[in-house]
Amino acid sequence: MLSAPDLSAKPQLTVESVTSSATLPVANPAFKHPSDLHQVFFLQRNSNANTIVWVAQFDPDGRLNADRPITGYWRRFAGRGHVMAFRWYERVFGFGTKSRTLADGSGFEVRFNGIKSEQLLLKQNGPFDAALYKRQNGRDFKMIYGYLDVDESGLLPKVVRLRLYTSDPKTGQYSTHTIAVSGGAFRE
């Protein structure tokens, strides 16, 4: 009996270090940072300037859209800077999101399809204003951007490290979370 191939990547994330700074570090000064309307997070890779952007979706009254509170797309900075939708496999296996309303109604649990084990929180700060948070050691850090170190020496690219840049709403300090990624290669 033939079975469908396992095209999933099941990466393991291990926090190597967390460092604080008064200013937001820039992972790659050659790459432009997007500033899209309702942006809650963006992700860059060492391979090129194309950037993945996630934005909050609101209803006409400025409340997070209950059916689809967050969406993502490419910002093609290696070209003209235009927006490009994810390809189906990028959405399904990597950069797409699943969300559900939190039991207390205070926001949404968000999970990226490529890292389903990591729970993020999308919270509304005011009309047409939301932020994405990562909980670590009992504290919520506001996510700003991530930078992936990708090894492209093999047949398929493999993520080896993620640097996650956040801010601490209580202190105003920025934090760089350096995270080792293992087991993230796609298998057939």
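One-based numbering along the sequence shown.
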Compare every heavy atom of T101 with every heavy atom of F108, then report the nearest pair and how far apart it is.
CE2-OG1, 3.3 Å
Report whether L121 and L13 are members of the same hydrophobic cluster (ILVMFWY, side-chain heavy atoms less than 4.5 Å apart, transitive linking).
no
Whether the side chain of Y145 engages the backbone of H33 through a donor-acceptor N/O pair (distance < 3.5 Å, no angle test) should be reported.
no
Would you check if the side chain of D59 reaches a backbone N or O of D61 as a donor-acceptor pair within less than 3.5 Å?
yes
Can you give me the closest heavy-atom contact between A22 and Q173, atom names plus distance?
N-OE1, 3.6 Å
Taking the side chain as every heavy atom from C-beta outward, state whether T19 and T178 have any pair of such atoms under 4.5 Å apart.
no
Do V83 and F86 sit in the same hydrophobic cluster, where Ile, Leu, Val, Met, Phe, Trp and Tyr count as joined when their side-chain heavy atoms come under 4.5 Å apart?
no
For the pair T51 (side chain) and A49 (backbone), establish whether a donor and an acceptor sit closer than 3.5 Å, ignoring hydrogens and angles.
yes
Out of curiosity, does I144 fall in the hydrophobic cluster containing I70 (side-chain heavy atoms, cut-off under 4.5 Å, transitive links)?
no
Atom pair CG/CG of L148 and L43 - distance to nearest 0.5 Å
4.0 Å
Donor-acceptor under 3.5 Å (Q39 side chain, P34 main chain):
yes
Going by ring-ring contact (aromatic ring centres under 6.0 Å, His included), H177 matches just one of Y147, F141, Y165. Which one?
F141
Quick one: closest heavy-atom pair of K142 and A131, and the distance?
CE-CB, 3.8 Å
Taking all non-hydrogen atoms of both residues into account, name the closest pair between F58 and D129 and its distance.
CZ-N, 3.4 Å
d(R100 CZ, K98 NZ) to nearest 0.5 Å is 14.0 Å
Donor-acceptor pair, distance only, cut-off 3.5 Å: does the side chain of N113 make one with the backbone of R91?
yes
When rounded to the nearest 0.5 angstrom, what distance separates CG in L162 from CD in E118?
9.5 Å
Do R161 and E16 come within less than 4.5 Å of each other through their side chains, counting heavy atoms only?
yes
Reported CG-to-NZ distance for the pair L156 and K158, which is rounded to 0.5 angstrom:
11.5 Å
T176 vs L164 side-chain heavy atoms within contact, under 4.5 Å
no
Given the rule in the side chain to side chain contact (heavy atoms under 4.5 Å, CB included) test, do L37 and F128 qualify, once you have shown the distances and angles that lead to the verdict?
CA-CA 10 Å; L37 184 64; F128 299 102; over 6 Å; no
Kindly say whether P169 contributes a backbone atom to a donor-acceptor pair with the side chain of S167 at under 3.5 angstrom?
no
Mind checking whether V181 and V160 sit in one hydrophobic cluster, side chains of I, L, V, M, F, W, Y counted as touching below 4.5 Å?
no
Rounded at 0.5 Å granularity, tell me how far CG in L120 sits from CE in M143.
5.0 Å
Cationic N near anionic O, under 4.0 Å, K170 to D140:
no
Please answer whether the main-chain N or O of A78 pairs with a side-chain N or O of N50 as donor and acceptor at a distance below 3.5 Å.
yes
Before giving the answer on side chain to side chain contact (heavy atoms under 4.5 Å, CB included), spell out for V15 and S17 the whole-Å C-alpha distance, their side-chain angles and the decisive distance to 0.1 Å.
CA-CA 6 Å; V15 177; S17 66; over 6 Å; no
Using every non-hydrogen atom in the two residues, find where A130 and N125 come nearest and quote the distance to one decimal.
C-ND2, 3.8 Å
Could you tell me the separation between the NZ atom of K134 and the OG1 atom of T166, rounded to the nearest 0.5 Å?
9.0 Å
Indicate yes or no for a side-chain donor-acceptor contact from Q57 to the backbone of H38 under 3.5 Å, with no hydrogens or angles considered.
no
Which pair of heavy atoms, one from R87 and one from E90, lies closest together, and at what distance?
N-OE1, 2.8 Å
Working for side chain to side chain contact (heavy atoms under 4.5 Å, CB included), residues F41 and L122:
CA-CA 11 Å; F41 185 64; L122 181 64; over 6 Å; no
For the ring-ring contact (aromatic ring centres under 6.0 Å, His included) test, which of F42, Y73, W74, F112 pairs with W54?
F112
Is the count of non-hydrogen atoms from other residues, nucleotides or ligands lying under 6.0 Å from N137 atom CG greater than 12?
no
Decide whether V40 and V110 are clustered together by the hydrophobic rule: side chain heavy atoms of Ile, Leu, Val, Met, Phe, Trp, Tyr closer than 4.5 Å, transitively.
yes
Could you go through the side chain to side chain contact (heavy atoms under 4.5 Å, CB included) check for R135 and Q119 one step at a time?
CA-CA 8 Å; R135 181 160 287 161; Q119 174 185 324; over 6 Å; no
